[in-house]
Structure formats: structure tokens, C-alpha cells
Amino acid sequence: LTAVPAEGYNFLKWTVNDDEFTENPLTVEITEATAIVAEFEEIPTYTLTVNVYPENAGTIAYDPEPGDQGYEEGTSVTLTATPAEGFTFVNWKDAMDATVGTDAEYTFTITANTTLTANFEEVVVAEPHTVTLMAGSGTCTETELTEEESGAGVTLPTATPCDAAVTAGYTFAGWAA
């Protein structure tokens, strides 16, 4: 005998008269009137809620897509976060705000109702900054240095800041804020 479960169910056991068997298929020798029952159990299903923070900062792809009832227990689910223009992916967090992944692709086995949040951050494009160097007591032409990234350092010259000669009697000593 072979028990074939319907979708959403698992085979649990056979009951032959008062004896129980978990093997499937099952071979039974019939020598008298025999009651044979196949028992099945419904596979638990769980919901998966995925949030994007901040809202509209990216999209989420599901593999596999959830069914009408969610995911069957034990299903391996892969989520892939894709940032919207102007954003970058940061991490995945669970309902308790614990970080569960830092790669945009996150795979897990669903065993309970699950809530995850894909966190993104806005990419800040800094405006260039201009630093103008001038010799206070010397004769010098202005020199401009442009900072390309916010927070990037600018290396200031340690000698005369420009090609012009320093006024007689003066030497370049350093920078003052």
C-alpha cells in the first residue's frame, strides 16, 4: 500500500487493526478481515512579512513567492533586496531588531510567522568644497583645492603655499585656523 498525501499534507502513519506503522509504502499480509487506515497531518503554514525602511528605499524579491496561505513549514526562502536609486542596502533585521544578515540576499528556513525589515540608507553625494590658500604677509596668488567627497581630507602644503616669492623678511611658518 502507498499513501499519497494531498497538497498541504504529510503522511503520518498507517493503522492496521490496532498496530501502527510509519513506513510508506507498506506491505501487509491479509489473513482475516483487516481495517487499514492511512493518517495524514496538515503541514503548518506561516506568514512572512517584509518591511522596507525607509519606505520606498528599495524593493524585495521572494524565492519562492509565498502561496495563498503563506509558506509551508520548513520552506527555504531567499529574499533579495534591491536599493532604489540614491539608496544602498544596509542589513536585514528581525522583529526583535536583531541584525540577521548584512548581504542583500538573505536565505532562511521558515519555522514560524516571521517579520523582517530590509534597511537601506540614502547615499549622500557631497557638493565639492573649495579651500582657498593665501599667504597672510607674503605676496601670493590664491590656490584652490577641491574636496570631491564629504569627509575627505585635504593635504595642505608644508612650504610656501604658492609659487610667488615671500615678502622679504618673512618665511612661511605654517597654517592658522
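Count residues from 1 along the sequence. Please read all numbers here as calculations on a predicted model, not as lab measurements.
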Name all residues meeting the side-chain contact (heavy atoms from CB on, under 4.5 Å) criterion together with E29; count only those two or more places apart in sequence or in a different chain, and write none if there are none.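 E29 satisfies side-chain contact (heavy atoms from CB on, under 4.5 Å) with T31 once adjacent residues are dropped.
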
If a pair satisfies salt bridge (Lys or Arg N to Asp or Glu O under 4.0 Å) and one of its residues is in residues 66-87, list it, with sequence neighbours excluded.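 Sorted pair list comes back empty.
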
Euclidean distance, [Y] [atom2] relative to [X] [atom1], rounded to 0.5 Å:
X	Y	atom1	atom2	result
I43	Y71	CD1	OH	15.5 Å
T82	I60	OG1	CD1	7.5 Å
T22	E39	OG1	CD	12.0 Å
Y106	T78	OH	OG1	10.5 Å

Got a list of side-chain donor-acceptor pairs under 3.5 Å for residues 88-102, not counting sequence neighbours?
from: N91; atom 1: OD1; to: N119; atom 2: ND2; distance (Å): 2.9
from: W92; atom 1: NE1; to: D103; atom 2: O; distance (Å): 3.2
from: W92; atom 1: NE1; to: A104; atom 2: O; distance (Å): 3.4
from: D94; atom 1: OD1; to: M96; atom 2: N; distance (Å): 2.9
from: D94; atom 1: OD1; to: D97; atom 2: N; distance (Å): 3.1
from: D94; atom 1: OD1; to: A98; atom 2: N; distance (Å): 2.9

Give a yes or no answer on whether the side chain of N113 reaches the backbone of T47 with a donor-acceptor pair at less than 3.5 Å.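 Pair found, side chain donor or acceptor close to backbone of T47.
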
Shortest non-hydrogen contact from [X] to [Y]?
X	Y	value
F11	F21	CZ-O, 4.3 Å
F40	P5	CE2-CA, 3.5 Å
S76	T107	OG-CG2, 3.5 Å

Decide yes or no for L26 and V16: does some side-chain heavy atom of the first lie under 4.5 Å from some side-chain heavy atom of the second?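 SC-SC contact between L26 and V16 confirmed.
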
